[in-house]
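Presented below is the structure to which this report refers.
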Protein chains: 4
Amino acid sequence: MSSSREKITARAPQRERGKRRVAALLEAAVSLFAEKGYDAVTMTEVAARAGAPIGSLYQFFPSKETLADAILDRIGESFDDAFKGIEERGTTIAIPELVDAWLGLLVGFDEERAAAATLIESRQETSARAAELRLSLRRHVARILRARIPKLSSKRAETMAVVVVQLMKAAARSAETDRAVRDGVQNELKHLMCLYLNDKTAVAQTMTP
Amino acid sequence: MSSSREKITARAPQRERGKRRVAALLEAAVSLFAEKGYDAVTMTEVAARAGAPIGSLYQFFPSKETLADAILDRIGESFDDAFKGIEERGTTIAIPELVDAWLGLLVGFDEERAAAATLIESRQETSARAAELRLSLRRHVARILRARIPKLSSKRAETMAVVVVQLMKAAARSAETDRAVRDGVQNELKHLMCLYLNDKTAVAQTMTP
Amino acid sequence: MSSSREKITARAPQRERGKRRVAALLEAAVSLFAEKGYDAVTMTEVAARAGAPIGSLYQFFPSKETLADAILDRIGESFDDAFKGIEERGTTIAIPELVDAWLGLLVGFDEERAAAATLIESRQETSARAAELRLSLRRHVARILRARIPKLSSKRAETMAVVVVQLMKAAARSAETDRAVRDGVQNELKHLMCLYLNDKTAVAQTMTP
Amino acid sequence: MSSSREKITARAPQRERGKRRVAALLEAAVSLFAEKGYDAVTMTEVAARAGAPIGSLYQFFPSKETLADAILDRIGESFDDAFKGIEERGTTIAIPELVDAWLGLLVGFDEERAAAATLIESRQETSARAAELRLSLRRHVARILRARIPKLSSKRAETMAVVVVQLMKAAARSAETDRAVRDGVQNELKHLMCLYLNDKTAVAQTMTP
DNA sequence: TATGAATGAGTCTTCATTCAT
DNA sequence: CATGAATGAAGACTCATTCAT
């Protein structure tokens with residue numbers, strides 16, 4: 001009875017520890033990348049901040065690139081989830097709400113979004129993953145845009161999506177400063193984005209080709 | 001005496017040559033930074049592209065950081081000039097024109113603006129100069145904003161300036177892709193910025209506190 | 001009692017399993033060393049190919065060196081057996097047969113001989129066992145040589161033995177290429193060795209000091 | 001006058017020093033590779049033995065592989081020279097002389113030949129250069145063989161060449177031990193090779209197909 | 001002053017070995 | 001006794017910077 005349970009829990013700590021370690025490493029990487037950017041961070045540094053030996057870091061992330069990609073992957077998944085939620089609500093969702101959801105993607109309490117924003121930017125040319133993520137963001141946004149503004153050509157939707165994504169990244173970047181300005185800027189960006197979408201929606205509805 | 005004249009003429013070509021060399025080095029650095037980003041560029045590479053020996057590079061720019069700062073400085077001056085021109089025209093300048101001028105700051109034919117955009121972004125945390133430049137940009141924009149929208153509090157002007165600068169950088173970043181999307185995005189950003197300024201101006205004029 | 005028998009039978013399979021595991025590990029090591037050479041093989045790799053956990057590998061072979069030595073030991077024993085067989089047949093054995101037997105020592109169907117040849121070669125300076133094996137080979141050959149050619153001084157026998165062993169290793173090395181050349185080379189080496197022994201025997205019989 | 005000459009000699013020491021450094025590095029690498037084999041040698045070790053900082057080593061040899069290849073190249077050139085000399089003498093050269101020349105290729109006063117022998121052996125699979133060198137050796141030997149023994153088919157010449165090269169390598173390997181045995185073995189190998197060539201020549205002349 | 005070879009601290013990464021479970 | 005995650009010393013290689021010439 002208890003012995004069998006013991007056995008189960010016997011290895012649980014090991015896996016548990018492994019999970020905790022991966023989490024710690026990822027967290028350390030996230031904060032370091034967010035602080036200093038990909039290139040300025042050393043693997044030794046990441047391991048040290050996670051309180052792990054360098055070998056452990058490489059056990060889980062066999063290269064620096066893998067480490068960055070892992071962060072991007074995790075963010076990518078959370079993006080997919082978020083977009084799924086947004087798209088399910090279809091056209092019922094009001095513009096301010098939509099904008100809130102979008103801006104929230106790259107701006108959160110944790111540093112994860114900041115790290116992701118940095119990595120997407122700086123590794124776009126070198127990491128396939130970063131390029132993918134950026135593309136995926138654009139595609140999601142473009143699809144939603146076309147659903148709301150039916151007359152939008154796919155090319156224009158793409159263009160608008162680029163702009164929207166840039167606005168998202170702007171929000172992420174401005175999250176790096178002190179709270180006082182940050183909140184103001186965030187609000188402002190939200191306002192700006194609403195303005196933009198309202199304009200486009202109105203124009204589209206007005207402009208009968 | 002002939003000796004003194006000799007010295008003068010002897011050094012004149014040297015200075016001339018020195019200037020040309022500095023220009024070549026700077027140009028090489030600019031194109032390289034624009035292409036690959038600060039970290040991926042080596043000093044040896046810069047010297048080689050400029051056709052100069054590495055020692056010469058260090059003669060004029062005693063460190064890699066100095067080199068980056070020099071580029072930032074030069075851009076900073078051109079910004080100051082541009083803003084001076086804008087501010088001289090006062091409130092007479094129409095919003096679309098103003099927006100054109102602003103967006104043109106970081107997006108140009110030459111690679112210098114691309115390099116500057118990259119450097120500001122990637123070295124913001126490490127280089128005082130990059131931070132200064134960003135601050136200077138903000139201040140200039142804020143001043144113009146306050147001149148056009150008198151009721152604007154200095155705090156709100158600052159906030160708006162941050163947004164405007166982010167938009168400028170977004171334009172710079174989108175310049176990295178192929179021409180087809182680039183032009184579309186650039187136009188879109190211009191439109192967006194006009195929308196934003198028009199809105200703020202109108203609101204300010206309407207909102208009687 | 002049943003308990004004691006239980007223990008016996010309980011461990012019997014374990015020992016059985018242990019033997020099988022050791023065999024699998026050794027086999028894996030042999031094939032890997034033969035393929036890639038000592039340095040290029042990792043312990044993890046050996047364990048993986050044997051389908052055993054790394055801990056198990058270290059249970060039986062406490063170091064990489066031990067593992068290599070074990071292979072050398074096993075080959076050494078098989079050499080001893082082979083030489084015993086040869087020596088028992090005394091002088092009755094004809095030269096071509098003798099040569100066949102010798103060349104067969106390091107060239108066989110299995111990879112074991114190839115691995116051994118590699119290990120003797122590459123670890124000669126670092127492993128006492130490899131040196132021992134080489135020495136043992138020489139001694140065996142020298143003894144047989146002196147038995148067949150009575151007038152041979154021990155020093156000359158040693159020298160000849162070195163040559164013979166080198167020829168054996170040459171055969172082993174040539175086994176690494178494609179079958180077409182290999183068979184030809186092997187035949188040629190056999191011929192060469194016969195030539196050598198015949199010459200020495202004749203000379204010795206002729207040369208009356 | 002003296003000034004111009006001074007200028008010439010002014011940089012001479014620099015180049016001189018560079019040459020000396022390259023020589024020292026190469027010599028260190030040669031002796032280390034000869035002693036311990038390719039894998040067991042570290043780049044730091046090579047630099048240290050040459051009395052050079054690690055950076056200098058990499059200045060001249062951008063990778064460990066390059067370093068090994070450089071040694072192989074140098075040996076390869078000396079082989080080509082030697083073979084050129086041998087081939088020029090055509091069929092006039094007597095067998096013992098030919099054998100001397102061949103055995104001398106991989107056995108010399110310096111350690112260079114020993115290092116080369118080791119490198120050819122251990123890096124055959126990984127280094128294109130090592131494989132090339134081995135092939136080149138075979139081809140040279142085969143050509144000479146066919147010139148001397150006209151009836152030899154190209155395939156048999158190739159096979160014989162393999163054997164001859166193996167004999168050369170055997171001589172190189174036996175050079176690693178103390179002088180006493182070495183000289184004896186070397187003589188023995190020479191004798192063996194003469195035996196082999198004489199036999200082949202005689203057989204070819206006798207055997208009329 | 002100009003040059004570019006020289007320098008070595010610091011980077012990423014591997015792998016034999018150990019030990020908690 | 002079995003397991004395989006954890007460890008960290010050590011290796012190949014880079015590059016900003018210096019300094020002898």
Side-chain angles (χ1 to χ4, degrees), chain A residues 6-7 9-18 21-22 39 41-47 52-67, chain B residues 11 14 17-18 21 39-48 52-67, chain C residues 11 14-15 17-18 21 39-48 52-67, chain D residues 6-7 9-18 21-22 39-47 52-67:
Chain A
E6 262 177 296
K7 269 181 192 171
T9 45
R11 277 203 193 134
Q14 203 161 295
R15 278 192 218 142
E16 186 63 36
R17 193 183 164 203
R21 181 136 275 183
V22 170
D39 288 292
V41 172
T42 72
M43 291 298 269
T44 312
E45 213 176 356
V46 173
I54 185 72
S56 273
L57 175 52
Y58 274 89
Q59 184 106 51
F60 296 112
F61 306 101
S63 75
K64 194 177 178 184
E65 175 145 34
T66 313
L67 182 59
Chain B
R11 285 212 183 140
Q14 258 179 240
R17 201 179 146 214
R21 182 138 274 184
D39 289 288
V41 172
T42 70
M43 291 298 269
T44 311
E45 215 176 354
V46 173
I54 181 76
S56 201
L57 174 53
Y58 272 88
Q59 193 85 47
F60 297 111
F61 306 100
S63 77
K64 194 178 180 183
E65 174 144 35
T66 315
L67 181 59
Chain C
R11 284 211 183 140
Q14 259 180 237
R15 276 197 214 139
R17 201 180 146 212
R21 181 139 275 184
D39 289 289
V41 172
T42 71
M43 290 299 268
T44 311
E45 214 176 355
V46 172
I54 182 76
S56 201
L57 174 54
Y58 272 87
Q59 192 85 49
F60 297 112
F61 306 101
S63 77
K64 194 179 179 183
E65 174 144 37
T66 315
L67 182 60
Chain D
E6 263 179 293
K7 269 180 191 171
T9 47
R11 283 215 184 122
Q14 203 161 297
R15 278 192 218 141
E16 186 62 36
R17 192 182 166 204
R21 181 136 276 184
V22 170
D39 288 291
V41 172
T42 73
M43 291 299 268
T44 312
E45 214 176 354
V46 172
I54 185 72
S56 273
L57 174 52
Y58 274 90
Q59 185 106 51
F60 297 111
F61 306 99
S63 74
K64 193 178 178 183
E65 174 146 34
T66 312
L67 181 59

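A, B, ... follow the sequence lines: proteins, then strands. Residue 1 opens every chain.
- Taking atom CG of D:L57 as the reference point, atom C1' of E:dG8 lies 13 Å away to the nearest angstrom.
- Residues passing the side chain to side chain donor-acceptor pair (under 3.5 Å) test with D:T44: none are found, sequence neighbours excluded.
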As a check on the pairing definition, encode DNA chain F in dot-bracket form, counting Watson-Crick and G-U wobble pairs whose two distances are under 3.5 Å, and using | for partners outside this strand. .||||||||||||||||||||
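- When all heavy atoms of C:A40 and C:E45 are compared, the pair lying nearest together is O-OE1, 3.8 Å.
- Distance C:Q59 CD to E:dT17 C1': 13 Å, rounded to the nearest Å.
- Atom pair C:E45:CD and E:dT17:P shows a separation of 15 Å (rounding to whole Å applied).
- Residues D:Q59 and D:P53 fail the side-chain proximity criterion, which asks for heavy atoms closer than 4.5 Å.
- Nucleic acid contact for B:F61: none, since no nucleic acid atom lies under 4.0 Å from a heavy atom of the residue.
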Reading nucleotides 10-16 of chain E from the 5' end, what letters show protein touch, with B for base, S for backbone sugar-phosphate only, - for no heavy atom under 4.0 Å? -SSBBSS
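- For the pair A:V22 and A:F61, the minimum side-chain heavy-atom distance is below 4.5 Å.
- Counting all heavy atoms, side chain and backbone alike, B:L57 lies closest to B:M43 at CD2-O, 3.3 Å.
- Separating the CZ atom of A:R21 from the P atom of F:dA5 is a distance of 13 Å, rounded to the nearest angstrom.
- Here the C1' atom of nucleotide E:dT18 and the CZ atom of C:F60 are 17 Å apart, to the nearest Å.
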